[in-house]
Novice: 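Here it is, the structure in full.
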Amino acid sequence: MKNLFGYCGAVALALSSVVTAAYPDPIAMSGAYTGVHDPSALCQRADGLWFLFSTAVGIAIRTSPDRVTWTYAGVVWPNGASWTSPYTGGNNENLWAPDCTFKNGQFYLYYSASTFGSRNSAIFFARSTTGAQGTWTNDGLVYSTTTSSSYNAIDPNLYIEGSNWYLVFGSWSAGIGILDLGSSTGKPTTGTVTKLASRSSSVGIEAPVIIKNGSYYYLFTSWDTCCAGLSSTYNIRVGRSTSVKGPYVDQAGVGLTSGGGTLVLSTHGSIVGPGGQSVFQTGGVWYLVYHYYTSTGSNLGINRLSFSTGWPVAY
């Protein structure tokens with residue numbers, strides 16, 4: 001039996017190595033794909049140009065003709081965003097995790113304002129017809145939380161299905177929640193938040209994204225520690241549901257409100273702490289967008305997703 005255990009252990013180690021090695025590296029890119037944090041989904045303007053937004057002072061804008069070669073194109077708010085100062089502590093601070101949707105000839109951008117470790121946070125909304133620097137309209141506050149709130153108003157993601165708009169958001173604290181939005185205003189129609197996922201308050205869950213593929217809604221989240229360079233432990237998880245408001249379960253059947261989450265992508269080789277993800281579809285193909293760390297900083301990562309098994313697999 002001792003030899004059998006030794007053999008089984010060796011097999012388990014080998015299988016573990018295979019699984020780790022199975023994570024794909026990001027698609028090769030060039031240009032301004034470095035220095036990216038919390039990337040939005042890629043939004044394609046009507047003329048074919050792709051836009052990417054990310055965490056930065058004023059919210060960084062990058063463009064690409066092919067999703068491979070990237071050019072820095074300025075910021076959403078070149079003159080600062082004074083309306084966010086009650087949450088960031090200044091007129092021109094980092095604004096977090098922008099979420100982009102291009103629909104009916106218009107860019108819709110949700111983004112958050114906060115400071116690390118605080119629940120004094122807010123989500124704001126902006127619109128533009130071109131996506132370019134200086135063309136954005138500030139549509140104001142969407143949702144906010146305070147130090148006494150259970151939820152945290154950060155990491156927004158807009159999900160649209162027909163005439164129904166939803167905002168999924170959250171981090172740590174009470175976990176991930178979803179709000180109904182008015183399609184004409186982009187603002188909440190009620191203050192009722194439905195919980196979609198949570199973990200112990202001592203471990204991280206954030207950056208929620210909802211998509212629908214086939215009969216299922218998929219909720220992607222980032223787990224563990226972000227923003228620590230090569231010490232980051234970020235990883236991307238997923239659950240699914242037949243209803244946009246859940247309940248969501250992972251591949252093992254564990255509820256996401258009970259700490260469940262199937263692993264999609266984690267540290268492998270020189271790719272450290274992938275997370276802060278978004279997901280989009282074009283040409284019938286799903287793509288996972290995220291940041292990751294190397295010894296030189298944070299970079300943009302993109303991989304394709306296959307749903308052939310009913311669960312997303314990066315490739």
Novice: Hey, what do you get for CG (Asn138) to CZ (Arg127), rounding to the nearest 0.5 Å?
Specialist: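 Between Asn138 CG and Arg127 CZ, I get 10.5 Å after rounding to 0.5 Å.
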Novice: Check the pair His37 / Tyr293 against side-chain hydrogen bond (donor to acceptor under 3.5 Å, both in side chains), numbers first and verdict last.
Specialist: CA-CA 10 Å; His37 209 276; Tyr293 291 94; 2.7 Å; yes
Novice: For this output row, return yes or no: ring centroids of Trp136 and Phe125 closer than 6.0 angstrom.
Specialist: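 No, ring centres 6.0 Å or more apart.
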Novice: Please table the atom pairs, donor to acceptor, closer than 3.5 Å between any side-chain atom in residues 94-102 and protein atoms at least two apart or in another chain.
Specialist:
| from | atom 1 | to | atom 2 | distance (Å) |
| --- | --- | --- | --- | --- |
| Asn94 | OD1 | Val57 | N | 2.9 |
| Asp99 | OD1 | Asn157 | ND2 | 2.9 |
| Asp99 | OD2 | Leu158 | N | 3.0 |

Novice: Counting distance only, does the side-chain N/O of Ser198 pair as donor-acceptor with the main-chain N or O of Thr257 below 3.5 Å?
Specialist: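 A pair under 3.5 Å: yes.
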Novice: How about OH on Tyr216, more than 12 heavy atoms from neighbouring residues, nucleotides or ligands closer than 6.0 Å, or not?
Specialist: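 Incorrect, the count does not exceed 12.
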Novice: Is any NZ, NE, NH1 or NH2 atom of the basic residue among Lys245 and Asp180 found under 4.0 Å from an Asp or Glu carboxylate oxygen of the other?
Specialist: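 Salt bridge between Lys245 and Asp180, a charged N being under 4.0 Å from a carboxylate O: yes.
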Novice: Determine whether the side chains of Thr294 and Ser270 contain a donor N or O and an acceptor N or O closer than 3.5 Å.
Specialist: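 No.
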Novice: Please, which pairs that meet ring-ring contact (aromatic ring centres under 6.0 Å, His included) have at least one residue in residues 225-254, sequence neighbours excluded?
Specialist: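 Only Tyr234-His291 qualify under ring-ring contact (aromatic ring centres under 6.0 Å, His included).
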Novice: Do we get Arg240 above Phe307's six-membered ring, with its NZ or CZ under 6.0 Å from the centre and within 45° of the axis?
Specialist: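 Ring-cation test returns no.
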Novice: How about Tyr110 and Phe124: are their ring centres within less than 6.0 Å of each other?
Specialist: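 Centroid separation for Tyr110 and Phe124: 6.0 Å or greater.
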Novice: Would you say the side chains of Ser128 and Thr135 form a donor-acceptor pair under 3.5 Å?
Specialist: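 Per modelled atom types, Ser128 and Thr135 side chains form a pair under 3.5 Å.
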